[in-house]
Amino acid sequence: QWDAQVSNGQAIVHLFEWPWSNIASECESFLGPRGYGGVQVSPPNEYVKVYQGDVRRPWWERYQPVSYQISSRSGNDADFRDMVARCNNVGVRIYVDGVINHMSGWWPAGTGSTGTSGFDAGSQSYPGVPFSAYDFNDGNCNTGSGNIENYNDASQVRNCKLVGLNDLNQGSEYVREKIVDFLNYLVDMGVAGFRIDASKHMWPGDMKIIFDRVNNLNTDYFSAGARPFIFQEVIDLGGEAISGQEYVGNGRVTEFRYGKYLGEAFRGYNQLTYLSNFGEGWGMLDRAYSLVFIDNHDNQRGHGAGGANILTFRVSKWYKMANAFMLAWPYGFTRLMSSYYWDQNWVDGQDKNDWIGPPMDASDNIIGPSINADQTCGNGWICEHRWRQIYNMVQFRNVAHGTDMNDWWDNGNNQIAFCRGNRGFIAINNEGYDLKQSLQTCLSEGSYCDVISGNKEGGSCTGKTINVGSDGVAYIEITTMEDDGVLAIHAESKI
Ligand code: ARE
Ligand code: CA
């Protein structure tokens with residue numbers, strides 16, 4: 001449950017709101033060939049269709065389940081199955097965003113859903129599962145409003161409603177059974193694991209009972225006895241009743257401090273020199289239990305946690321630097337974010353457009369990404385995972401996998417460099433002046449292609465070429481005028 005069960009690579013990407021058919025082709029044409037290990041997909045099961053004044057089909061409607069039928073704006077059961085098979089066939093794993101803490105919030109009777117089950121949120125009737133009022137926590141919640149009011153009270157965080165969402169009682173045997181059936185349906189299809197949404201809001205002991213009953217992975221694609229990868233969404237920045245540590249017995253846990261601290265460092269509120277013991281040394285979870293990322297679908301738009309310092313595609317130079325650091329750094333299991341664009345509308349420090357869903361047509365169907373000649377995406381999709389500086393660092397992570405960090409160098413401030421065994425070397429310049437240094441790269445003598453400024457193509461390099469001497473030392477230069485503040489070479493970028 002801590003092992004991602006990857007075969008192709010050591011990083012996964014969240015293809016937020018992508019249609020299943022687009023993900024299937026992406027696995028075959030890009031993710032497989034580029035060494036991505038897997039994809040986190042948006043919730044695939046039936047949910048509420050939200051139309052609320054100006055708010056039309058927000059991305060967050062997918063976090064309000066109506067049943068466990070596989071039917072969403074990304075596609076139906078057959079589309080989903082086809083994607084899982086095609087991705088597994090090229091070694092790319094699929095991880096489902098499992099929303100099992102709750103069902104929908106309150107909506108007037110007759111509100112539509114993305115499947116055929118229908119529901120009545122007021123009487124807590126979800127006939128597609130079926131769940132009825134007996135299956136919810138209302139009787140176990142002690143707040144006046146029925147909602148979570150105080151994050152310092154663990155029992156209300158778990159037994160009351162998160163922002164008005166009908167809260168399932170995982171203490172009930174019947175509820176567990178329905179959740180286990182849902183997870184098993186997906187596992188039997190070939191899914192490799194789950195992001196468990198809102199894990200803070202469920203009791204770790206109840207979750208353990210559920211996960212222990214989930215089947216081993218499908219042996220068409222995985223070795224016998226392989227367990228589903230579980231990564232639990234727990235936002236723990238410290239100072240609350242519930243900590244991420246309570247969940248490490250069930251699987252990995254999202255380490256939200258990681259992206260927050262890196263955002264602060266690259267924005268200049270902390271010096272990169274202090275990153276030399278980033279991870280456990282900074283009070284984060286043990287690396288064997290953590291899932292790390294620079295931003296996620298919530299905090300890239302001011303939801304969730306991390307605040308204004310979170311780095312996103314909007315500050316692309318810092319974003320590429322932070323992702324490069326993450327992918328080069330031997331801590332945690334790494335996830336990349338892949339976004340669509342929306343126009344922000346800042347009013348009193350809040351983006352009034354934070355609800356905007358993916359690009360859609362006049363019938364509200366998602367318009368999936370198109371692929372441009374230069375490999376970037378069109379139709380309003382950002383596709384950070386297709387940026388050269390990011391996909392080449394995924395390869396770096398794969399090449400360096402299994403080695404430790406060594407030969408740390410810094411200028412005492414915001415220029416750093418380090419090796420990964422004798423497999424890779426990276427330098428980062430976040431200073432207001434050029435980096436010009438002879439540095440130990442730990443690589444064997446020869447010429448290497450810097451995979452940030454270019455690609456190794458055939459026997460040559462479209463970016464900077466770095467000459468490593470017989471002593472492993474190379475002259476490294478990153479000027480402030482360059483597009484990117486990073487330089488990276490590795491054993492397989494030798495030319
Ligand atoms: C929407 C509307 C609400 C409405 C509700 C019910 O925005 O106004 O009341 O629907 O109709 C997402 C959105 C929500 C959205 C929800 C359902 O972010 O805005 O509500 O979908 O459609 C806490 C949780 C954490 C959670 C974050 C967002 O602990 O688990 O809040 N993150 C996950 C997902 C979200 C998703 C949900 C959970 C719900 O990643 O995308 O919500 O399925 C401190 C605490 C954190 C807390 C944070 C924010 O940092 O430590 O624990 O996170 O504040 O409150
Ligand atoms: Ca709960």
Side-chain angles (χ1 to χ4, degrees), residues 14 16-17 40 42-43 45 47-53 55 57-66 97-108 111 119 121-122 135-141 143 145-172 175 179 195-207 210 231-244 247 253-254 256-257 259-260 291 293 295-307 310 335 337 350-357:
H14 182 194
F16 180 49
E17 287 277 8
Q40 177 187 320
S42 284
N45 54 301
Y47 51 84
V48 178
K49 281 184 179 172
V50 171
Y51 291 95
Q52 204 179 21
V55 176
R57 309 303 304 270
W59 62 270
W60 48 254
E61 65 178 22
R62 295 180 85 126
Y63 292 90
Q64 302 205 19
V66 160
D97 195 344
V99 186
I100 56 174
N101 170 63
H102 52 263
M103 299 300 281
S104 73
W106 186 88
W107 298 97
T111 298
F119 69 108
D135 303 316
F136 293 87
N137 259 328
D138 304 72
N140 302 322
C141 166
T143 65
S145 64
N147 286 322
I148 299 164
E149 295 171 0
N150 176 5
Y151 274 85
N152 288 314
D153 173 352
S155 108
Q156 65 170 273
V157 172
R158 285 161 174 159
N159 291 345
C160 297
K161 294 177 181 177
L162 170 62
V163 296
L165 300 159
N166 283 329
D167 200 56
L168 285 166
N169 176 10
Q170 292 82 13
S172 137
V175 171
I179 294 174
R195 167 198 186 259
I196 302 293
D197 182 69
S199 294
K200 184 192 279 184
H201 306 281
M202 295 181 278
W203 297 93
D206 291 340
M207 295 171 76
I210 291 171
F231 54 105
Q232 303 156 94
E233 188 231 9
V234 180
I235 298 175
D236 175 11
L237 301 175
E240 284 183 18
I242 296 170
S243 73
Y247 291 83
V253 175
T254 53
F256 277 83
R257 284 171 288 200
K260 177 176 185 282
L291 181 110
F293 45 93
D295 62 333
N296 79 347
H297 72 281
D298 285 325
N299 64 18
Q300 72 167 199
R301 46 175 53 71
H303 284 234
I310 293 296
R335 177 181 64 189
M337 178 68 202
Q350 214 219 318
D351 172 17
K352 292 285 172 204
N353 286 345
D354 66 353
W355 59 270
I356 290 183

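Indexing begins at 1, ligand by ligand and atom by atom, following the structure's order.
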Residue of the set D97, N101, D197 for which side chain to side chain donor-acceptor pair (under 3.5 Å) holds with Y63: D97

The Ca ion (ligand 2) to nearest N/O/S of H201 below 3.0 Å: yes

For atom 42 (O) of ligand 1, the protein heavy atom that lies nearest, with its residue and separation: Y63 CB, 4.5 Å

Side-chain (E149) to main-chain (Q156) donor-acceptor, under 3.5 angstrom: no

Protein contact for atom 50 (O) of ligand 1 (heavy atom, distance under 4.0 Å): yes

H102 heavy atom under 4.0 Å from ligand 1: yes

Which segment of Y151 sits under 4.0 Å of ligand 1 when only heavy atoms are counted: side chain

Nearest neighbour in protein (non-hydrogen) for atom 11 (O) of ligand 1: Q64 NE2, 3.0 Å

Of the listed options V99, D97, D197, I100, closest to atom 43 (O) of ligand 1 (non-hydrogen atoms): D197

Option set G304, G307, A305, criterion heavy-atom distance to atom 48 (C) of ligand 1, minimum: G304

Whether Y247 side chain and P204 backbone form a donor-acceptor pair below 3.5 Å: no

Exercise: identify the closest heavy-atom pair between G146 and C160: O-CB, 3.7 Å

Minimum non-hydrogen distance to atom 5 (C) of ligand 1, winning option of V163, I196, V50, T254: V163

Minimum-distance protein heavy atom relative to atom 32 (N) of ligand 1: E233 OE2, 2.8 Å

Pair E61 + K49, salt bridge at N-O below 4.0 Å: no

N, O or S atom of N101 closer to the Ca ion (ligand 2) than 3.0 Å: yes

Over-ring placement of R301 relative to W59, 6.0 Å and 45° cut-offs: yes

Protein contact of atom 40 (O) of ligand 1 - nearest heavy atom, named by residue and atom, plus distance: D298 OD2, 2.4 Å

From I179 atom CD1 to S172 atom OG, the distance as rounded to the nearest 0.5 Å: 8.5 Å

Distance-only polar pair, side chains of H303 and D354, donor-acceptor under 3.5 Å: yes

Metal check, the Ca ion (ligand 2) vs R158 N/O/S, cut-off below 3.0 Å: yes

Inter-residue atom distance W60.CH2 - D298.CG, 0.5 Å rounding: 12.5 Å

Contact check, A198 vs ligand 1, heavy-atom distance below 4.0 Å: yes

E61-ligand 1 polar pair, N/O distance under 3.5 Å: no

For ligand 1, the portion of R62 having any non-hydrogen atom under 4.0 Å away: neither

Between N140 and N159, a side-chain donor and acceptor under 3.5 Å: no

Residue pair W355 / Q52, side-chain donor-acceptor N/O under 3.5 Å: no

N or O pair under 3.5 Å between R195 and ligand 1: yes

Check ion pair D138-K161 (N to O, under 4.0 angstrom): yes

Numbered atoms and elements of ligand 1 in range of K200, under 4.0 angstrom, heavy atoms: 45 (C), 46 (C), 51 (O), 52 (O)

Min heavy-atom dist W59 to ligand 1 below 4.0 Å: yes

